[in-house]
Protein chains: 2
Amino acid sequence: MAVTINDVAKEAGVSITTVSRVINGNYPVKQETRQRVEEAIKKLNFQPNPIARSLVCRRTNSIGIVVPSITNMYFTEVVDGIEKYARNNSYDIFLNITNGDAKAEINAVNKFIERYVDGIIVVDPQTENMLSGFYDEIVNTVPVVFVNGYHQEIDLSFVISNEENGFKNALKHLNKTGHKNIIFVRGESSYSYDLKENIYRKFIKNIGSREYILTVNAGNSIEVVENTKKSIINISSEIKLGEDFTALIACNDLMATGALNACLELGIKVPDEFSIIGFDNIILSQMTTPKLSTVDQNMKKLGEKSAEMLFNYIESGYEADKVLINTKLILRESCRI
Amino acid sequence: MAVTINDVAKEAGVSITTVSRVINGNYPVKQETRQRVEEAIKKLNFQPNPIARSLVCRRTNSIGIVVPSITNMYFTEVVDGIEKYARNNSYDIFLNITNGDAKAEINAVNKFIERYVDGIIVVDPQTENMLSGFYDEIVNTVPVVFVNGYHQEIDLSFVISNEENGFKNALKHLNKTGHKNIIFVRGESSYSYDLKENIYRKFIKNIGSREYILTVNAGNSIEVVENTKKSIINISSEIKLGEDFTALIACNDLMATGALNACLELGIKVPDEFSIIGFDNIILSQMTTPKLSTVDQNMKKLGEKSAEMLFNYIESGYEADKVLINTKLILRESCRI
DNA sequence: ATATAACTGAAAACGTTTTCTAAAGGGGTG
DNA sequence: CACCCCTTTAGAAAACGTTTTCAGTTATAT
């Protein structure tokens with residue numbers, strides 16, 4: 001069916017070896033011969049079969065992305081960054097969505113390895129898998145780079161956003177603009193939530209004010225917004241929003257949006273009576289009224305950087321380092337300035 | 001490096017032919033032999049190399065998805081639906097993001113063909129490419145299914161959502177709940193916008209009321225929300241929102257959200273003074289306050305259905321039909337009920 | 001003349017599936 | 001009991017479309 005290297009060789013009157021050499025330019029070929037071959041290639045519109053190529057070269061020019069969800073704007077940006085970088089380097093990408101299931105993540109990785117992908121990026125790996133040592137063996141088989149997730153004491157290639165830094169700055173800003181008692185909103189269980197909670201606790205103790213930690217039920221994006229809204233409305237009878245507590249910091253923008261919605265419903269003016277800061281800077285944070293102040297994780301850059309690291313890793317064979325991407329407090333309209 | 005079919009054959013004391021037969025179960029093998037081979041496979045943990053397999057079978061068990069954007073919640077849901085269906089049928093998926101560029105779409109498709117994917121799904125194909133006849137040749141090479149986009153007089157495999165139906169219902173609902181003059185918001189140019197505008201025009205003429213068509217500048221998701229908001233605020237000096245015009249229908253939820261934000265800023269109460277209905281039912285529409293009434297396109301189902309059609313197409317070799325997926329008016333809080 | 005560089009092709013290799021050939025066994029027929 | 005035919009089972013070898021190794025020939029420089 002399709003035209004093969006044999007057809008080209010016949011057309012140009014040379015051996016397939018020579019054709020291959022012209023294509024790959026990795027061996028001297030006489031100018032005149034080269035030209036004949038190139039003409040034949042053009043005339044027949046020959047495209048080397050990448051499958052055959054992969055078989056002998058053990059290289060597929062493809063990478064696998066494993067990601068918990070794609071209806072979550074956070075991950076979406078990361079994937080976008082990876083895809084862009086990958087395509088610019090003419091890699092194709094396989095996508096696998098795990099729904100945050102640790103087993104599914106393992107399956108995805110194994111499947112990618114069977115497919116002989118050149119490398120794998122795992123976004124927000126399941127902590128369970130990091131601790132089980134699953135990846136310690138894997139990285140002997142194929143380059144893997146992780147984006148965020150649990151990385152303490154783990155000697156693998158990571159690109160992680162400096163959440164501590166950004167979160168601290170957000171807290172500092174709230175305090176500096178006159179907020180004393182600040183509510184902290186987190187989800188059920190994750191490395192990142194624990195990290196932020198620790199920072200929050202320390203900070204609150206330091207400024208000698210009251211702690212209030214609200215843990216909202218997990219769920220999909222819509223549910224997180226909704227659950228947070230409900231939780232806030234619930235506690236609003238117990239503590240006076242805008243009086244006892246005048247500010248709120250959330251572990252992500254979905255929760256912050258939920259809080260904002262609660263305030264709208266409760267008639268609490270944001271930011272006049274109550275300040276809210278989110279985290280991540282997903283696109284949603286610019287679609288609310290007022291627009292959310294948040295901490296930018298630069299997810300696209302996380303994605304691009306992870307792809308860049310992976311490609312270096314693939315080329316060099318050397319495991320990459322841990323790279324810390326800075327976060328940045330972005331002040332919009334949902335908090336005092 | 002990796003264990004091959006040769007190793008298994010040696011271990012089991014049979015030929016590679018037999019091993020292959022045991023694996024594929026497409027030829028009789030004596031029970032006892034089969035068992036020996038199976039043990040060897042297990043013992044060596046043998047995984048057939050899919051590359052070699054693809055080379056001879058001309059089948060990759062992979063499909064390509066071409067999509068304009070992934071930071072757009074609309075497409076995200078479609079991709080999610082495709083991914084789920086594909087994975088359940090043990091297909092892997094290649095992802096390519098075109099940013100709505102017609103050339104990029106063509107490149108993506110060609111690249112997928114070079115990769116010998118078994119099939120391709122193009123989400124929201126560029127009208128330009130549909131009309132140029134590009135795909136007419138392509139479908140002789142590989143099964144392609146399209147999701148939405150321009151499909152008039154085009155004889156290819158489509159799964160399209162019945163936008164007409166849903167949009168009409170939304171207009172009817174607005175009219176039935178006492179709205180006479182309704183603003184129509186659309187983007188610059190697309191098949192879908194034109195379609196809706198035609199319906200709008202006809203409807204408005206029918207009920208004998210005033211037309212007001214607002215075209216907002218294109219851009220990414222954030223910009224669409226922002227541009228719509230600004231446009232609404234702009235025209236609010238020219239026409240009295242809540243008096244001259246008491247309702248608005250938008251071509252998508254981003255625009256509807258922008259309109260909602262404008263109302264919040266202008267102090268116009270939604271839905272008490274002004275009704276808004278969006279389109280698509282992206283997750284954002286459930287994250288606003290008030291929650292957006294909208295027309296559900298069931299994007300996940302669009303995705304699943306397109307994958308299902310593609311797989312049937314691949315198996316049977318017969319081009320699939322045009323399938324129309326029903327849309328559904330979803331009444332939430334942003335309009336009278 | 002001779003060593004070296006430039007150029008080329010035949011054949012092996014990559015790891016499967018598939019086709020072709022054949023051995024072994026079973027059962028019926030004369 | 002010898003023969004033949006068919007079915008079951010199995011392996012050798014070809015095929016898929018490349019790259020790479022090895023070997024060899026021709027041109028160039030010393």
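Below, read A as the first sequence line, B as the second, and so on, with proteins coming before strands; counting in each chain starts at 1. Worth knowing before you read on, the calculation uses all heavy atoms, side chains too, and leaves out hydrogens, waters and symmetry mates.
In this structure, CD1 of A/I51 is placed 11 Å from P of D/dG17, rounded to the nearest angstrom. If you measure from atom CG of B/N24 to atom P of C/dT19, you get 13 Å, rounded to the nearest angstrom. Between the C1' atom of D/dC16 and the CG atom of A/N6 lies a distance of 11 Å, rounded to the nearest Å. The CD atom of A/Q31 sits 11 Å away from the P atom of C/dT8 (whole-angstrom rounding). Rounded to an integer number of Å, the gap from A/N61 CG to D/dT18 P is 15 Å.
For A/N26, a side-chain nitrogen or oxygen approaches OP1 or OP2 of D/dT20 to under 4.0 Å. Dashed line: the shortest gap from a side-chain N or O of A/T33 to OP1 or OP2 of C/dC7 is not under 4.0 Å.
With no hydrogens or angles considered, a side-chain donor-acceptor pair links A/Y135 and A/E105 at under 3.5 Å. Judged purely by distance below 3.5 Å, without hydrogens or angles, the side chains of A/D124 and A/Y191 never pair a donor atom with an acceptor atom.
Taking the side chain of B/T17 as heavy atoms from C-beta on, and the options C/dG15, D/dA10, C/dT19, the nearest nucleotide is C/dT19.
In this pair, B/F311 and B/Y91 present their aromatic rings parallel. The plane angle is below 30°, not in the 30 to 60° band.
Between the side chain of A/R21 and the base of D/dT21 there is at least one donor-acceptor pair of N/O atoms closer than 3.5 Å. With hydrogens and angles left out, the side chain of A/R58 and the base of C/dG15 share no donor-acceptor pair within 3.5 Å. Checked by distance alone, B/R53 brings no side-chain donor or acceptor within 3.5 Å of a matching partner on the base of C/dT18.
Here B/S20 lies in heavy-atom contact (under 4.0 Å) with a base. In this structure, B/Y116 reaches neither bases nor backbone, as no heavy-atom distance under 4.0 Å exists between it and the strands shown.
In this structure, CG on A/D101 lies 9.0 Å from CD1 on A/I106, to the nearest 0.5 angstrom.
Closest-nucleotide positions on DNA chain C for A/I16 and B/C57 were compared, and the one nearer the 5' end corresponds to A/I16.
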